[in-house]
Structure formats: structure tokens, C-alpha cells
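A quick note: this is a predicted structure, and the numbers were derived from the prediction, not measured. Within every chain, numbering begins at 1; the chains are lettered A, B, ... in the order of the sequence lines, protein sequences first and strands thereafter.
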Number of protein chains: 2
Amino acid sequence: MGKSPNISNQIRSLRFHHEEMTQQQLADLVGVTRQTINAIEHNKYSPSLEVAFKIAVAFNKPLTEVFQYEAH
Amino acid sequence: MGKSPNISNQIRSLRFHHEEMTQQQLADLVGVTRQTINAIEHNKYSPSLEVAFKIAVAFNKPLTEVFQYEAH
DNA sequence: ACACCATGTCAAAAATATTATACATTAATA
DNA sequence: TATTAATGTATAATATTTTTGACATGGTGT
């Protein structure tokens with residue numbers, strides 16, 4: 001659904017809370033490419049639910065702590 | 001990410017808990033088609049995070065109560 | 001200065017999600 | 001019987017996400 005201004009995320013800050021985990025390292029944990037992590041981090045589009053869940057697992061956080069939704 | 005055996009959901013039972021809300025009615029609330037709801041309900045693929053959030057909002061539940069992830 | 005690493009970004013291709021149309025089945029109902 | 005509503009499918013077309021490959025930048029270290 002294209003650009004998603006109504007979804008935000010804490011990926012960047014979570015990465016730095018995790019011993020400065022790099023975009024590449026997170027991508028490897030999740031099983032996607034570095035560009036995908038970068039795009040999601042910058043809200044270029046809303047990821048699939050599966051990728052979102054995998055990111056949450058990588059940080060050992062519930063999904064809703066990584067991604068927030070604000071209806072408009 | 002194609003078929004998603006590691007994501008399950010409670011959409012069907014939530015629909016019936018909501019005055020027997022129909023697939024079409026949920027689709028209208030969410031802004032997708034009936035076929036999309038049907039496919040998601042049957043785990044044919046994992047929806048976008050945005051659609052997942054909208055479904056959760058339609059049921060007035062946190063996303064993680066509607067969708068569950070089980071890493072394998 | 002040079003190399004290295006993390007990041008931002010871009011464009012084209014591949015993969016996946018979603019729509020649109022259509023048709024079959026079942027249950028309810030007039 | 002006939003009709004209507006809800007659902008399960010199916011296929012092709014469109015939209016979106018993800019990959020791949022590439023290049024540029026700023027920072028850090030040698």
C-alpha cells in the first residue's frame with residue numbers, strides 16, 4: 001500500500017540498543033536484504049506482516065513495541 | 001512472503017463475536033476486497049502490516065491478539 | 001592519502017499481495 | 001421452487017514489496 005505515513009517504527013533506536021546492531025546484521029537475522037531494512041526503517045512502504053514479526057523476534061520485543069499504527 | 005504457515009489469526013472467530021460480521025463487511029471496514037479477507041483468513045499469504053493493523057482496528061483489538069507468529 | 005564500513009539511494013527485475021470478474025456451493029427463506 | 005446472502009475458489013491483471021547490483025557519502029583508522 002505504498003508509502004505508509006500512518007505506521008511508524010522504532011527499528012533504528014532498537015538497533016542501537018542492541019550493541020549497535022548494523023542494518024546488515026539485522027537483515028541477516030531477519031532473512032531480508034539490507035535495502036529492505038533501510039526502506040522499512042525510513043517508512044518507504046509497509047512491510048509484510050511476516051517480515052514485521054521477524055524483526056520483532058530479532059529484537060525480542062512484541063511487534064507492537066516495534067511498530068505503531070495511528071489511524072487518520 | 002508467499003504462503004505463511006507460521007502466522008495464524010483469529011479473524012473468523014472475531015467476526016462471529018462481532019454480531020456475525022461478514023467477510024464483506026470486514027473488507028469494507030478495512031478497505032480491501034472480500035477475496036483479500038478470505039485469503040488472509042485462510043492463511044494463503046501474509047498481509048501487509050498496514051492491512052493487518054486495520055483489521056485489528058476493525059475489531060478494536062491489539063494486532064497481536066488477531067495475529068500470532070510462531071517461529072519454527 | 002588510502003582503505004574500510006555503515007549508510008542512503010536508485011533503477012530494473014523478481015516475487016508476492018491485492019483487485020476484478022466470474023462461477024459453484026450451501027443455507028436460509030419466501 | 002426460486003431467490004438471496006455468504007462463502008470458497010480460480011484466473012488474469014495490477015499494485016506493492018523485495019531483491020539484486022551499483023554507486024555516492026561521511027566517518028574511522030592506518
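Put simply, B:Ser46 has no side-chain N or O that comes within less than 4.0 Å of OP1 or OP2 on C:dT16. Look at B:Gln23 and you'll find a side-chain N or O under 4.0 angstrom from OP1 or OP2 of D:dG8.
Here D:dT9 is the nucleotide among D:dT18, D:dT9, C:dT18 with the atom lying nearest to any side-chain atom of B:Asn38. Side-chain atoms of A:Val32 lie closest to D:dT19 of the nucleotides D:dT19, C:dT9, C:dA6. The nucleotide whose nearest atom lies closest to any side-chain atom of A:Gln35 is, among D:dT18, D:dT20, D:dG8, D:dT20. Checked against C:dT18, C:dG8, D:dT19, the side chain of A:Thr36 finds its nearest nucleotide in D:dT19. The side chain of A:Val51 sits closest to D:dT18 out of C:dA17, D:dT18, C:dA20. Of the candidates D:dT19, C:dT7, C:dT18, the closest approach to any side-chain atom of A:Arg12 belongs to C:dT7.
Residues B:Leu49 and A:Phe53 have side chains not in contact (no heavy-atom distance under 4.5 Å, counting atoms from C-beta outward).
Between A:Asn9 and A:Ile40 the shortest heavy-atom distance is ND2-O, 3.1 Å.
B:His42 places its NE2 atom 9 Å from the P atom of D:dT7, with the value rounded to the nearest Å. Residue A:Ile40 contributes atom CD1, which lies 16 Å from atom P of D:dT16 at whole-angstrom precision.
The backbone N or O of B:Glu65 sits less than 3.5 Å from a side-chain atom of B:Gln68, completing a donor-acceptor pair. A donor-acceptor pair under 3.5 Å is absent between the side-chain atoms of B:Thr22 and the main chain of B:Gln25, judged by distance alone.
Under the rule for a side chain to side chain contact (heavy atoms under 4.5 Å, CB included), the partners of A:Arg12 that lie at least two apart in sequence or sit in another chain are A:Arg15, A:Phe16, A:Gln23, A:Glu41, A:His42.
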Practice task
Starting at the 5' end of nucleotides 23-30 of chain C, put B wherever the base has a protein heavy atom under 4.0 Å, S where only the sugar-phosphate does, and a dash everywhere else.
Solution key: --------
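Here the CG atom belonging to B:Asn43 is positioned 8.0 Å from the CD1 atom belonging to B:Ile7, to the nearest 0.5 angstrom.
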